[in-house]
Each structure stands twice: as structure tokens, then as C-alpha cells.
Amino acid sequence: MKAEFSVNGTRCDIDVEPRRTLADALREDLGLTGTHLGCEHGVCGACTVLVDGEPVRACLMLAVQADGCSVSTVEGLAAEDGTLHPLQEAFCAKHGLQCGFCTPGMLMTALDLLDREPAPGRERIREEMSGNICRCTGYVGVVDAVEAAAQELNPR
């Protein structure tokens, strides 16, 4: 089946099997390996991307369901010149990266949160990030990073 959607602002036309997941299409057909597959059951959040601005588990969405949509992946966070997004900078500075496997999903979830709530408190950040499982168990650095990015993006 044909699917046409944009990924990080670039139009993509792909021919995929009807049951191919968006995560597999992004990784294998488009070469965007930043979206990670963890549990492949929608539980861990490693594959979180934004579809039309809403966070979705790319392992649970079929690529053909993205037809006509705008998809944002972790590859689209940095500026074209390579300058990291404030969230990426904060994850580096506040040790939120850990092993890094869950980081792309965490970044996309945090981006969605900060788009909706410019200045979330620590409890709100914990609540929003609770759907992203980090097996390194280092959530303090992640919460610190999201809080720092919120302050960077929306200084009071």
C-alpha cells in the first residue's frame, strides 16, 4: 500500500505492507533509526513520535494510518545546522541520557508536554514522563532536564 506523509517537514512516499508499523517504516524504510523499539507493545514509550502534534507509540500505529499526516521524530529536534534543541541540551547537561535507549521517546514526550504546558512542576513532569520506562531507573536526571528545558524555553 502507498502511504504519503511528512516526516520532520520532508514529504515521504512509501510503499509498505498493510500491517507494517510506523516504527518499522521510519527505521527500515526511511532510515530514521532514532525511533527505538523497546517492548513493541506500546508500554515502554521508546518509540514515541508526534503525529500531527500528538504523541503516539509508533510500534502500535500502522504506517498506512499516517497517510496524510505530519510525523515528528527525534531526528527533527535539532536545527538544520546541528544545534541541539534545548531539550537535548538539557538532557545532556542534567544527565538525563543514561544509556540513551529510551531517550528519543522521552524527548518526544517531553516536547509534547512543554508544547502544552510551558512551565510544568516536577510532579507534573513525573506524571507525564511516567509512560516512558527507563530501565536505567534514572528518572531524577530526566525530570531535572525537562524542568531546565522548560525554564530555557519559557524564561519567567
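Source: prediction; values computed, not measured. One-based numbering along the sequence shown.
Alongside Leu60, the hydrophobic cluster contains no other residue (criterion: ILVMFWY side chains under 4.5 Å). Val140 shares a hydrophobic cluster with no other residue; no ILVMFWY side chain has heavy atoms under 4.5 Å from its own.
For the ring-ring contact (aromatic ring centres under 6.0 Å, His included) test, residues two or more places apart in sequence or in another chain that qualify with His36 are Phe101. Contacts of Thr33 classified as side-chain contact (heavy atoms from CB on, under 4.5 Å), with partners at least two apart in sequence or in another chain: Arg27. Taking the side-chain hydrogen bond (donor to acceptor under 3.5 Å, both in side chains) definition, one finds that Asp15 meets it with nothing, sequence neighbours left out. Every side-chain contact (heavy atoms from CB on, under 4.5 Å) that Asp67 has, sequence neighbours left out, goes to Ala3, Glu4. Listed by chain and residue number, Arg20, Thr21, Glu28, Leu37 satisfy the side-chain contact (heavy atoms from CB on, under 4.5 Å) test with Asp24 (two or more places apart in sequence, or in another chain). Under the side-chain hydrogen bond (donor to acceptor under 3.5 Å, both in side chains) criterion, Thr109 pairs with Asn132, not counting sequence neighbours. Partners of Leu77 by side-chain contact (heavy atoms from CB on, under 4.5 Å), not counting sequence neighbours, listed by chain and number: Val74, His85, Gln88, Leu107, Met108, Leu111.
The closest donor-acceptor contact from the side chain of Thr35 to the backbone of Ala23 lies at 3.5 Å or more, if one exists at all. No donor-acceptor distance shorter than 3.5 angstrom exists from the side chain of Asp144 to the backbone of Lys94, with no hydrogens or angles considered. Gln98 places a side-chain N or O within 3.5 Å of a backbone atom of Gly138 that can act as its donor or acceptor partner. Side-chain atoms of Asp13 do not come within 3.5 Å of backbone N or O of Lys2 as any donor-acceptor pair.
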Please assess Ile133 against Tyr139 for the test side chain to side chain contact (heavy atoms under 4.5 Å, CB included), listing each intermediate value before the final yes or no.
CA-CA 9 Å; Ile133 297 171; Tyr139 294 99; 4.2 Å; yes

From CA spacing to verdict: side chain to side chain contact (heavy atoms under 4.5 Å, CB included), Val51, Ser70
CA-CA 6 Å; Val51 176; Ser70 174; over 6 Å; no

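Leu32 and Leu50 fall into different hydrophobic clusters, where Ile, Leu, Val, Met, Phe, Trp and Tyr residues are linked whenever their side-chain heavy atoms come under 4.5 Å apart, directly or through other members. Cluster annotation: Phe91 is connected to Val143 through the hydrophobic network of ILVMFWY side chains, with a link wherever side-chain heavy atoms come within less than 4.5 Å. Placement of Met1 and Val71 within a single hydrophobic cluster is found when ILVMFWY residues are connected by side-chain heavy-atom separations under 4.5 Å, directly or transitively. When the side chains of ILVMFWY residues are joined at heavy-atom separations under 4.5 Å, either directly or via intervening members, Val56 and Ile14 end up in a single hydrophobic cluster. Val49 and Leu114 fall into different hydrophobic clusters, where Ile, Leu, Val, Met, Phe, Trp and Tyr are joined by side-chain heavy atoms under 4.5 Å apart, directly or via other members.
Residues Cys134 and Val142 have side chains not in contact (no heavy-atom distance under 4.5 Å, counting atoms from C-beta outward). With contacts defined as side-chain heavy-atom distances shorter than 4.5 Å, the pair Phe5/Leu22 qualifies. Taking the side chain as every heavy atom from C-beta outward, Cys92 and Leu97 approach each other to under 4.5 Å.
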Only pairs under 3.5 Å count here: list side-chain donor-acceptor contacts from residues 145-153, not counting sequence neighbours, and write none if there are none.
unit_1, atom_1, unit_2, atom_2, d
Glu147, OE1, Arg122, NH1, 2.7

Under 3.5 Å donor-acceptor pairs involving side-chain atoms of residues 40-48, not counting sequence neighbours:
unit_1, atom_1, unit_2, atom_2, d
His41, ND1, Cys39, O, 2.6
Thr48, OG1, Gly45, O, 2.7
Thr48, OG1, Arg57, NH1, 2.8

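Sequence neighbours left out, not one pair with a member in residues 10-32 passes ring-ring contact (aromatic ring centres under 6.0 Å, His included).
Residues Leu30 and Cys12 approach most closely at CD1-SG, 4.0 Å, considering heavy atoms. The two residues Thr73 and Glu75 come nearest to each other via the heavy atoms OG1-OE1, 2.7 Å. In plain terms, the two heavy atoms of Pro118 and Asn154 that are nearest each other are O-ND2, 3.1 Å.
Dense packing is recorded around CZ of Arg116, with more than 12 heavy atoms of other residues, nucleotides or ligands lying under 6.0 Å away.
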